[in-house]
Amino acid sequence: MRAVGGAMVFLFVEGGGKPTWAVIWPVFGAANQLVAALALLAIGVWVKKAFNRSNSFLMAPMWFMMITTLAALVLLIRDQFLAVAGPNILLVVISVLLMVLAVLVVREAVKVLRKPKASDV
């Protein structure tokens with residue numbers, strides 16, 4: 001019920017003369033691609049740590065998706081600040097938050113991959 005209520009807020013609350021969902025819509029695709037890249041990262045870390053197998057078949061597409069998505073977010077933020085009507089602050093905040101969270105997850109995954117397994121010690 002709370003999820004439906006949250007979605008209703010996006011439907012009925014307006015920001016800048018538009019419904020909130022329309023204001024944040026440009027970042028929706030980037031968020032989906034980022035989730036896919038982070039899923040590949042999580043599976044890649046699991047394959048490497050649990051099975052001690054090569055995870056390059058997962059990490060190569062993950063890095064491509066991650067770099068492409070983060071670049072798209074940077075361009076989205078830049079375009080917002082160059083917009084004639086002024087920046088959409090909500091869109092900029094969400095984009096920056098997505099970028100920071102993605103970098104933190106990648107950093108954590110790198111730490112896990114560098115840490116030796118308990119059986120290797």
Side-chain angles (χ1 to χ4, degrees):
M1 187 65 170
R2 291 180 189 169
V4 172
M8 294 298 282
V9 168
F10 285 124
L11 184 61
F12 292 116
V13 174
E14 289 189 4
K18 292 183 183 178
T20 306
W21 69 265
V23 173
I24 63 171
W25 185 255
V27 81
F28 182 72
N32 281 337
Q33 289 299 105
L34 202 52
V35 168
L38 293 174
L40 284 172
L41 176 64
I43 296 168
V45 169
W46 176 64
V47 164
K48 185 67 174 174
K49 294 307 268 185
F51 303 113
N52 201 21
R53 302 271 189 212
S54 173
N55 61 358
S56 60
F57 69 99
L58 293 164
M59 300 308 269
M62 184 280 300
W63 281 116
F64 174 77
M65 289 178 68
M66 183 71 68
I67 291 167
T68 304
T69 305
L70 292 178
L73 286 171
V74 167
L75 292 174
L76 186 85
I77 292 168
R78 185 202 64 177
D79 291 346
Q80 286 301 309
F81 283 113
L82 295 177
V84 175
N88 177 343
I89 298 301
L90 180 61
L91 197 61
V92 170
V93 168
I94 291 172
S95 298
V96 169
L97 185 64
L98 284 172
M99 290 174 61
V100 168
L101 292 173
V103 168
L104 290 174
V105 170
V106 169
R107 184 174 150 232
E108 191 66 28
V110 168
K111 283 183 3 185
V112 167
L113 286 172
R114 288 186 177 165
K115 184 176 157 186
K117 281 177 60 174
S119 61
D120 294 342
V121 177

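Residue numbers run from 1 in the order of the sequence given.
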Worksheet entry | Co-membership, hydrophobic cluster, residues V110 and L38, 4.5 Å side-chain | yes
Worksheet item: Which atom names give the shortest non-hydrogen contact between P61 and S56, and what distance separates them?
Response: CD-O, 4.2 Å
Practice prompt. Indicate yes or no: at least one non-hydrogen side-chain atom of M66 is less than 4.5 angstrom from one of L70.
Written response: yes
Worksheet item: Out of curiosity, L41 CG to E108 CD, how far, rounded to the nearest 0.5 Å?
Response: 10.5 Å
Discussion item. Please give me the minimum heavy-atom distance between S95 and L76, naming the atom from each residue.
Written reply: OG-CD2, 3.2 Å
Discussion item. Can you list everything that forms a ring-ring contact (aromatic ring centres under 6.0 Å, His included) with F81? Sequence neighbours excluded, please.
Written reply: none
Worksheet item: Under 4.5 Å between side-chain heavy atoms, hopping through other hydrophobics if needed: is there a path connecting F57 to W46?
Response: yes
Worksheet item: Are V103 and V35 grouped together when hydrophobic residues (ILVMFWY) are joined by side-chain heavy atoms under 4.5 angstrom apart?
Response: no
Fill in: Inter-residue atom distance D79.CG - N88.CG, 0.5 Å rounding
12.0 Å
Practice prompt. Please examine the side chains of Q33 and T68, heavy atoms only from C-beta on, and report whether any two atoms are closer than 4.5 Å.
Written response: no
Worksheet item: With hydrophobic residues grouped by side-chain heavy-atom distances under 4.5 Å, do L90 and V100 end up in a single group?
Response: yes
Worksheet item: Heavy-atom count around F64 CZ within 6.0 Å, excluding the residue itself: above 12?
Response: no
Worksheet entry | Nearest-0.5 Å distance that lies between atom CD1 in I43 and atom CG in L58 | 6.5 Å
Discussion item. For residues V112 and M62: do they belong to one hydrophobic cluster (side chain heavy atoms under 4.5 Å, members Ile, Leu, Val, Met, Phe, Trp, Tyr)?
Written reply: yes
Fill in: W63 side chain reached by L40 side chain, heavy atoms, under 4.5 Å
no
Worksheet item: Has the side chain of K48 got a donor or acceptor atom that lies under 3.5 Å from a matching backbone atom of L113?
Response: no
Worksheet item: Between atom CE of M59 and atom CG of N55, what is the distance when rounded to the nearest 0.5 Å?
Response: 5.0 Å
Worksheet entry | For the student: nearest non-hydrogen atoms of I77 and V96, plus distance | CD1-CG2, 3.6 Å
Worksheet entry | Minimal non-hydrogen separation, V74 against M99, with atom names | CG2-CE, 3.5 Å
Practice prompt. For the residue pair V27 and L73, establish whether any side-chain heavy-atom pair is separated by less than 4.5 Å.
Written response: yes
